[in-house]
Amino acid sequence: MAVPPSPCIRSSRSRCEAASCAPFAEHGAIVEQVRTQILERAGLETTDDAQLRVEYRADGAAIITSRSAVPAEVTPDPRDRRRLGVKIGGLMAGDEPVALDHPELAEGWHGVEADGRWTDGAALVPASLLKGRVLTVTPLKAGLRYPVMQQAAETRLTA
């Protein structure tokens, strides 16, 4: 016997609520309350240590690497589905500031926000901006917690 698809798949919220026998919620207090309980039960180990590093490539570029997380997967609020690394408050190439909205900061970067800019865990700073100078990164404390992978999982991913 075939089961018809849910009316909520690829549908508007009002249509989903009309076809449902219960209230429908995608976010808000009730969703966050339920997700908090689920996250507590899951026992996901997290840390606020981003493991921020700057790695230099042979071509003179640098990559800002860090742990990353999708807030919708590790917090009660399900709305932010971006993969976030660290939030950067400032960059310096030697003694020269690098504007966070510089058009060459594209790969591995999210859009500029009022107080900084998020990486996705591997953000490229091109050699043309560094010009052989050392990159100094000023991270911001953004409150994101990162899942801690078990050693065996980390080994499998890097092997």
Looking at every non-hydrogen atom in both residues, tell me the closest pair between [X] and [Y] and how far apart they are.
X: Leu105; Y: Leu124; result: CD2-O, 3.8 Å
X: Thr119; Y: His110; result: O-CD2, 3.6 Å
X: Ala62; Y: Leu135; result: CB-CD2, 4.0 Å
X: Gly111; Y: Arg117; result: O-CG, 3.8 Å
X: Val74; Y: Pro147; result: CG1-CG, 3.8 Å
X: Ala123; Y: Gly108; result: CB-O, 3.4 Å

Do [X] and [Y] have side chains that approach each other closer than 4.5 Å (heavy atoms only, starting at C-beta)?
X: Val86; Y: Val137; result: no
X: Leu44; Y: Glu73; result: no
X: Pro97; Y: Met92; result: yes

[atom1] of [X] to [atom2] of [Y]: how many Å apart, nearest 0.5 Å?
X: Glu32; Y: Thr75; atom1: CD; atom2: OG1; result: 7.5 Å
X: Asp48; Y: Arg67; atom1: CG; atom2: CZ; result: 9.5 Å
X: Thr47; Y: Leu144; atom1: OG1; atom2: CG; result: 10.5 Å
X: Glu113; Y: Lys87; atom1: CD; atom2: NZ; result: 4.0 Å

Honestly curious: do [X] and [Y] fall in one hydrophobic cluster under the side-chain, below-4.5 Å linking rule?
X: Leu91; Y: Tyr56; result: yes
X: Val125; Y: Leu100; result: yes
X: Leu52; Y: Val98; result: yes
X: Val54; Y: Trp118; result: yes

(message) Name the residue from Asp101, Ile64, Asp120 that meets the side chain to side chain contact (heavy atoms under 4.5 Å, CB included) definition with Trp109.
(response) Ile64
(message) For Arg41, I'd like to know if atom CZ has over 12 heavy atoms of other residues, nucleotides or ligands within 6.0 Å.
(response) no
(message) Is it the case that atom CG in Asp95 sees more than 12 heavy atoms from other parts of the structure closer than 6.0 Å?
(response) no
(request) Report the hydrophobic cluster partners of Ile30, with the cluster defined as I, L, V, M, F, W, Y residues connected by side-chain heavy atoms closer than 4.5 angstrom, directly or transitively. (result) Val31
